[in-house]
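Order of listing sets the numbers, starting from 1, for every ligand and every atom in it. Start at 1 with the first residue, then count along the sequence.
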Amino acid sequence: MKYKDSIAFPEDFFWAAATAAYQFEGAHLEDGKSLSIVDKNINPNYADTSVTSNHYHKFKEDVALMKELGMKAYRFSISWPRVLPNGRGEVNKKGVNFYKRLVNELRENGIEPLVTIYHFDLPVCLQEEYGGWSSRKIIDDFAYFCKVLFEQLGEEVKYWFTINEQSNMFLLPYLMEFNKELPLEKQKYEMNHIMTLAHAKAIHLCREMIPNAKIGPAIGLSPNYPETCRPEDVQAAREADDFRTYLFTDLYMYGKYRDNVWRYMEENGVTPTIEEGDMELLQSAKPDFLGINYYQSRVVKFAPETMENKDMSINMNGKKGETEFEVVPGIYQGSSNPYVEKTDWDWEIDAIGLRTLLNELNDRYQIPIIITENGIGAVDMLTEDEKVHDQYRIDYLKIHLEQCRLAIGDGVQLFGYCPWSYMDLLSTTSGFRKRYGFVYVNRTDDDIKDLRRIKKDSFYWYQEVIHSNGQKL
Ligand code: BGP
């Protein structure tokens, strides 16, 4: 059902945009910063993290452009090894000062900082010392990192995201380092449990140290559709949602493992180690909101037990048709949706899926939601007269925002929208070939050029959207 114009975005809606430290800042070894696991493991076929968009040195210019765009809020992440080069212990003053100056600059320009604490960039030293997220030792180190941030930035920052896309380590294992000697699936469930404990501790710490702040996770989610109305496929889609969405959201919201996922783990010998007090901790840390990264929906069908388990393969080249689907034998396998368009990287463009997902989450949890990422990765062309005509980006964002408006009409408590990304930055999988921003950064993977900022057509479009509070999409 569609609503007429009577449904509008709330007056105090956070019209925002997002970035992440390792993709945007550059300066990967400057002013005392040490390396993170993404600095080390980023796709070697493309640009590395040493310069990226050079935001570290150009943040004032970048904030000025945010102001011109009219942004009410800005989601960015903090690099753990910039603040704590040894992962813990001594605080790197220069690193903290960078974030303080950024936050001040945002505040002076009337832009609300929305801070992600962990966006994939674990300090290499902690990975080497005890295997990073595979060890419970990280829970205290993460809590210490959070404590430093709440102390240093807590007066100015009132919105915090604990962990970005915990859900995606199941689909994109390259974001984490796993021990090749041990069974992968078991490690994933262990890490998931440990991460959720770390997330829960961060929530408690935030409430103690900055009681007037709000905190929640940022999860990457895609609703699953059945390929056909064959009951086996419908059940496969439900279970795909249980394993890829509700496993995480139920843990965050109720501190509880879903029964069917738990039984699967038991039957396959992959249950995480639960220590005394774990479940109580999880149950006591209900977030204030859910952050949702949404790019696409997925289609699944039943997968017979005889099939081989397979991770999804990622299309890194931007040539359509290269993605191979995930298979979870006896449960579901991925398939293609013939009813929607796909990006050059095979991401299925489905704006209605966003409304469906928002409604599902609202029905289950009745909690405020913010879209922490949504956008289209594309090869943008800079014309000779220095323009980027990215109508495809405008089209993508427009249809998703229209579905957000409808979801608000359905009763979803949506309080913000952060398109990915504010400015061009390093795509984790595909370097600078795959761009997302409202602002073009003049560089390629091979040539850093002058890193000039150039406003794309989508910049002017989003400016109008914000100016009209979403009336003019
Ligand atoms: C999300 C990540 C972002 C960003 C985005 C686009 O999973 O949170 O950091 O990278 O996806 O992905 P990509 O750059 O691979 O196209």
Of Q296, E227, E348, R298, which meets side-chain contact (heavy atoms from CB on, under 4.5 Å) against N337?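 Per the side-chain contact (heavy atoms from CB on, under 4.5 Å) rule, the option paired with N337 is E348, out of Q296, E227, E348, R298.
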Here's a test for you: under side-chain contact (heavy atoms from CB on, under 4.5 Å), which of K310, Q333, R244 qualifies with E326?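 Per the side-chain contact (heavy atoms from CB on, under 4.5 Å) rule, the option paired with E326 is R244, out of K310, Q333, R244.
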Heavy-atom closest pair, residues W80 and D121: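 Minimum heavy-atom separation between W80 and D121: CB-O, 3.8 Å.
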Mark the output for Y436 as yes if a heavy-atom distance to ligand 1 is under 4.0 Å, and as no if none is.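 Y436 counts as a contact of ligand 1 under the 4.0 Å cut-off.
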What is the ring orientation for Y462 with Y417, classed by angle as parallel under 30°, tilted 30 to 60°, or perpendicular over 60°?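 The rings of Y462 and Y417 stand perpendicular, inter-plane angle above 60°.
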Would you mind running through ligand 1 and noting each atom that sits below 4.0 Å from a heavy atom of [X]?
X    : value
S427 : 13 (P), 14 (O), 15 (O), 16 (O)
K434 : 13 (P), 16 (O)
H119 : 2 (C), 3 (C), 8 (O), 9 (O)

Look only at interatomic distance and state if E373 has a nitrogen or oxygen under 3.5 Å from any nitrogen or oxygen of ligand 1.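 Between E373 and ligand 1, an N or O pair is found under 3.5 Å apart.
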[X] and ligand 1 - part of the residue with a heavy-atom distance under 4.0 Å:
X    : answer
W347 : side chain
A20  : neither
W345 : neither

So among K158, R107, K214, which one has a salt bridge (Lys or Arg N to Asp or Glu O under 4.0 Å) with E112?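 Answer after filtering K158, R107, K214: R107.
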For R433, is there an ion pair with D445 - N to carboxylate O distance below 4.0 angstrom?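 Answer for the salt bridge query: no.
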